[in-house]
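A short write-up of the structure that comes next.
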Amino acid sequence: MTVGPLTVTDLVVEFVHDGYAIRPLDGLSFEAQAGELVVLLGPSGCGKTTLLSCLGGILTPTSGTIRLGEVDVTAMRGKQLDAYRRDDIGFVFQAFNLIPSLTARENIAVPLTLTGHDRKASFARADELLEQVGLAERAHHLPSKLSGGQMQRVAVARGLGHNPPLLLADEPTANLDHIQAEAIIRLLQSLRDDGRMIVVSTHDARLVPIADRIVQMVPPDQHEERPTHDVTFGAGESIFEQGDPADLVYVIKSGDVEVIRVLADGGEELLTKLGPDQYFGELGPFLGFPRSASVRAHSDVVLTAYSPRVFREKVLHKT
Amino acid sequence: MILLTFRDLVYRKTRFIVVTILAAVVFALLFVMTGLVNQFNLEPAEAVDQFGADAWVLPEGVSAPFTSVSVMPAAALDTVDAPTKAPVVITRSSVAQGDLPEEVVLIGFESDGLGAPQVVEGRVPAAEGEVALDRTLDIGVGEDVTVAGTPFTVVGLTEATTVLAGIPFAYLRLPEAQMLAFTSTDVISSVLVAGAVGSLPGGLVSLTSDNVVSQTLQPLEGAIASIDLVRVLLWIVAAIIVGAVVYLSALDRQRDFAVLKAVGASNGSLLGSLALQAVLIALGAVALAAIIQIFLAPQFPLPVTVPTGAFWQLPLLAVVMALAAGAIGMRKVLRSDPSQAFAGAA
């Protein structure tokens, strides 16, 4: 079951949405070893699920590489990816995603039979896993008769059906109260101790203390306390580009700027023009999102750059 | 795959039961329509067969004895060169018991000759004032009726002696039929011949029994074509019902399919599950329809004879139809993206 290291290098995923390109992952790199519990930490929309999809061979990245041991996952296509998912990857989906018509036992066994495993052996494996996750007595219950925590444990057991070396779990403690979440955390710990690599996406800080490795999906806020300062840009000069990490908020002292959306085909769409005393770029730093548009100086401009906290206190609260 | 299919059928049982019943009603109508068309095709063949003739001699220009008025001199019988022959009268008339006359085809036959009725109850009319009737008139042996206003007693009953979608035969001895039809014993409608017809005088033609059958069927061709059209429409309705439920099922299970794809299940196994569901619904509906038609067929005013072949052809066609109708739903499975499994709660 033990697998070689997981190496993610310069991973980029770009989607086209409503005509413009967005990059939930932009040059991500990290490494993890077998037997580690890796926590992908970040707010909603920061690309955690996209990364899990790439790791699981469900989504092909725009560029960059993912290697699991000697295997280049990003070079695989079609049936190779099917086999990779079938043999090497276990999935635990957010919201459990159990099949509502199947009992707990069947939810674990049926995916195994559908991927070519012997029927009898699949059900024996399901019984063994239900025992392991402490749900043997609920084996014949439909998901609708299980609590959230129990459903998540069945989902984990399903992910372990074919004994994969890499288990990918998407928000496994979301929607669970602290008692149920604790049971799942304990379960993940025990699975990690078996030598399995576990990659968990979460924005739940309760998972941080048990993590062997934390991948910050959004760079930590290093600009909170940057001093307020003026900056100048010449006409046509870029102030920031769409997709850049968001750090500062700008208030225009003089001159005009253009807010532009860069389209997927390379074209540009003018969203608005802003002039003196107007501000821009505030949502990205507040929410931890990258810039959603580019801003360019239309004439020579003088801007005051604020950290988000100072901007909130001195500008927003004053108006 | 079988377990997945079966469990889903149980899980959404209300929907599947309703759909199966709906489809079964449609299939039952298809059975009945098939039975009607079959009966239309069988009816003239069975009726003509009972005359025991190989050929029918008719005046030139008469298309067939049951579909046009045929009149020829009784003396023409002697001019027909054939080893066994018999005169016959065929004309439209009515039989009444009480105030409600019913249309019949009056057959005048020569005793012990070709064209004599093959009674299944009672006996062949042998004396004046006796008649044999087809069973569908629902008049028993010994009862009194009037034929074209003249009183008769029913002495025998026949079966499968109707033409033109259920018009029954009434058999009289030849002279009485001649008098009722033509008020003369010098006139007949046709000469029935067993064996080959030799030479014929001018003005007479010979038709084979097969010719008579196909000519008798001709007036019903419009009705048969209309029923065939209804059958096509019923197949379309059945396809829409089965297709819609398979599509809905595919929609409901899109997340399930995404999850199963994400864990490595092949398109084939998932398509198989949906296809099996469509086939089971279709077969269940056909089985139920086979029972419904037993009760439905007698309610039709015309005899309905469902051919045995329909009981295996219909399920076979239903399976093909279900797979075709389910194709849109199955395409949904093919297109379901495993990354949807990562999406939040539905």
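Note on naming: letters A, B, ... go to the chains in the order of the sequence lines (proteins, then strands), and numbering restarts at 1 for each one. The structure presented is a predicted model; accordingly, all values stated were derived computationally and were not measured.
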Most contacts with chain B, counted as non-hydrogen pairs under 4.5 angstrom, among A:Gly116, A:Ala109, A:Pro100: A:Pro100
A:Arg125 side chain to A:Leu160 backbone, donor-acceptor under 3.5 Å: yes
B:Asp252 bridged to B:Arg15 by N-O distance under 4.0 Å: yes
Expected output: side-chain A:Arg105 to main-chain A:Leu102 donor-acceptor under 3.5 Å: no
Chain A contact via B:Leu270 - which portion, at a heavy-atom distance below 4.5 Å: side chain
Atom group of A:Ile99 that falls short of 4.5 Å from chain B, counting heavy atoms: both
B:Ile328 atom CD1, neighbour heavy-atom count above 12 within 6.0 Å: no
Residue pair A:Lys48, A:Asp170: steps toward the salt bridge (charged side-chain N to carboxylate O under 4.0 Å, His left out) verdict: CA-CA 8 Å; A:Lys48 300 188 299 291; A:Asp170 188 20; over 6 Å; no
Close contacts, residues 218-240 of chain B versus chain A, judged by heavy atoms under 4.5 Å: none
Contact leader toward chain B among A:Leu98, A:Leu52, A:Asp87, where contacts are heavy-atom pairs under 4.5 Å: A:Leu52
Presence of salt bridge, A:Arg86 and A:Asp82, under 4.0 angstrom: no
Test log, rule side chain to side chain contact (heavy atoms under 4.5 Å, CB included), inputs A:Leu51 and A:Ser201: CA-CA 9 Å; A:Leu51 176 58; A:Ser201 88; over 6 Å; no
Which of B:Val10, B:Leu9, B:Asp8 touches chain A most, by non-hydrogen pairs under 4.5 Å: B:Asp8
NE2 (A:His203) with more than 12 external heavy atoms under 6.0 Å: no
Over 12 non-hydrogen atoms of neighbours within 6.0 angstrom of CD in A:Glu70: no
Under 4.5 Å from any heavy atom of chain B - which part of A:Glu171: neither
